[in-house]
Student: 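The structure's right below; bear with me while I get my questions together.
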Amino acid sequence: LADIIFNTRGYEFLFEVTLRRWIGLGGRIRKLGPFRMGASSHPGDTVSCTGTVTAIGEFEGHPSIALDIVVANPRGVAASGAAEVVLPA
């Protein structure tokens with residue numbers, strides 16, 4: 001590789017930060033993954049993380065949401081996966 005890359009743990013961190021900012025500290029990440037890397041991200045790349053709601057349910061009396069999450073960089077999809085979160089009461 002010509003330079004350092006954003007590794008698997010980096011993408012996991014980005015997924016969690018994105019979910020936390022969306023659900024707040026009162027919410028709970030119930031499941032993260034599985035996910036896969038699709039393209040390397042390098043220094044200077046702008047990366048963005050988005051999610052799409054795939055299901056709405058309930059867990060232990062609280063609203064639960066399943067999502068597909070994607071990290072993109074200038075070359076396309078860098079990582080993708082799934083998550084399930086429980087919203088705060």
Side-chain angles (χ1 to χ4, degrees):
L1 297 172
D3 206 338
I4 61 172
I5 63 169
F6 204 56
N7 65 17
T8 305
R9 296 289 175 229
Y11 289 120
E12 284 180 318
F13 173 75
L14 188 55
F15 287 152
E16 182 170 349
V17 167
T18 300
L19 292 170
R20 283 272 162 231
R21 287 184 177 182
W22 183 56
I23 64 175
L25 295 176
R28 188 169 73 189
I29 298 173
R30 220 174 139 241
K31 181 180 178 191
L32 183 58
F35 70 94
R36 69 182 312 161
M37 288 179 60
S40 297
S41 294
H42 303 278
D45 284 350
T46 298
V47 294
S48 61
C49 188
T50 59
T52 303
V53 174
T54 58
I56 298 173
E58 189 175 298
F59 180 76
E60 296 178 352
H62 299 283
S64 173
I65 297 176
L67 305 112
D68 285 336
I69 48 182
V70 174
V71 173
N73 66 25
R75 288 168 296 289
V77 174
S80 60
E84 186 176 335
V85 298
V86 178
L87 300 179

Student: Among residues at least two apart in sequence or on other chains, which ones pass side chain to side chain contact (heavy atoms under 4.5 Å, CB included) with Arg9?
Tutor: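 Checked Arg9 against side chain to side chain contact (heavy atoms under 4.5 Å, CB included); matches are Asn7, Glu12.
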Student: Kindly give the heavy-atom pair with the smallest separation between Gly27 and Pro88, and that separation in Å.
Tutor: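 Looking at all heavy atoms of both residues, the shortest contact is CA-CD, 3.8 Å.
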Student: Quick one: does Ile4's side chain get under 4.5 Å of Pro43's, heavy atoms only?
Tutor: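 In contact.
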Student: Give me the other members of the hydrophobic cluster that Leu87 sits in, counting Ile, Leu, Val, Met, Phe, Trp and Tyr linked by side-chain heavy atoms under 4.5 Å, directly or via other members.
Tutor: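 Listed partners: Phe6, Tyr11, Leu14, Phe15, Leu19, Trp22, Ile23, Ile29, Leu32, Phe35, Met37, Val47, Val53, Ile56, Ile65, Leu67, Ile69, Val71, Val85.
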Student: Inspect the surroundings of CZ in Phe13 and state if more than 12 heavy atoms from other residues, nucleotides or ligands are less than 6.0 Å away.
Tutor: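 No - once you tally the heavy atoms of other residues, nucleotides and ligands closer than 6.0 Å, there are 12 at most.
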Student: Look only at the side chain of Asn73 and the backbone of Ser40, and say whether a donor-acceptor pair between them is shorter than 3.5 Å.
Tutor: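 Present.
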Student: For Arg75, enumerate each residue passing the side chain to side chain donor-acceptor pair (under 3.5 Å) test, keeping only those at least two apart in sequence or located in another chain.
Tutor: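 Result, side chain to side chain donor-acceptor pair (under 3.5 Å) vs Arg75: Asp45.
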Student: Determine which pairs satisfy side-chain hydrogen bond (donor to acceptor under 3.5 Å, both in side chains) with at least one residue from residues 51-66, sequence neighbours left out, and list them in order.
Tutor: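 Found Ser64-Glu84.
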Student: Which value, rounded to the nearest 0.5 Å, describes the distance between Glu16 atom CD and Arg21 atom CZ?
Tutor: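 Interatomic distance, Glu16 CD to Arg21 CZ, rounded to 0.5 Å: 12.0 Å.
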Student: Output the rest of the hydrophobic cluster of Leu25: all Ile, Leu, Val, Met, Phe, Trp and Tyr residues reachable through side-chain heavy-atom contacts under 4.5 Å, sorted by chain and number.
Tutor: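 Leu25 shares its hydrophobic cluster with no other residue.
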Student: Please say whether more than 12 non-hydrogen atoms of neighbouring residues, nucleotides or ligands are located less than 6.0 Å from CZ in Arg36.
Tutor: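 Atom CZ in Arg36 is not crowded, with 12 or fewer foreign heavy atoms closer than 6.0 Å.
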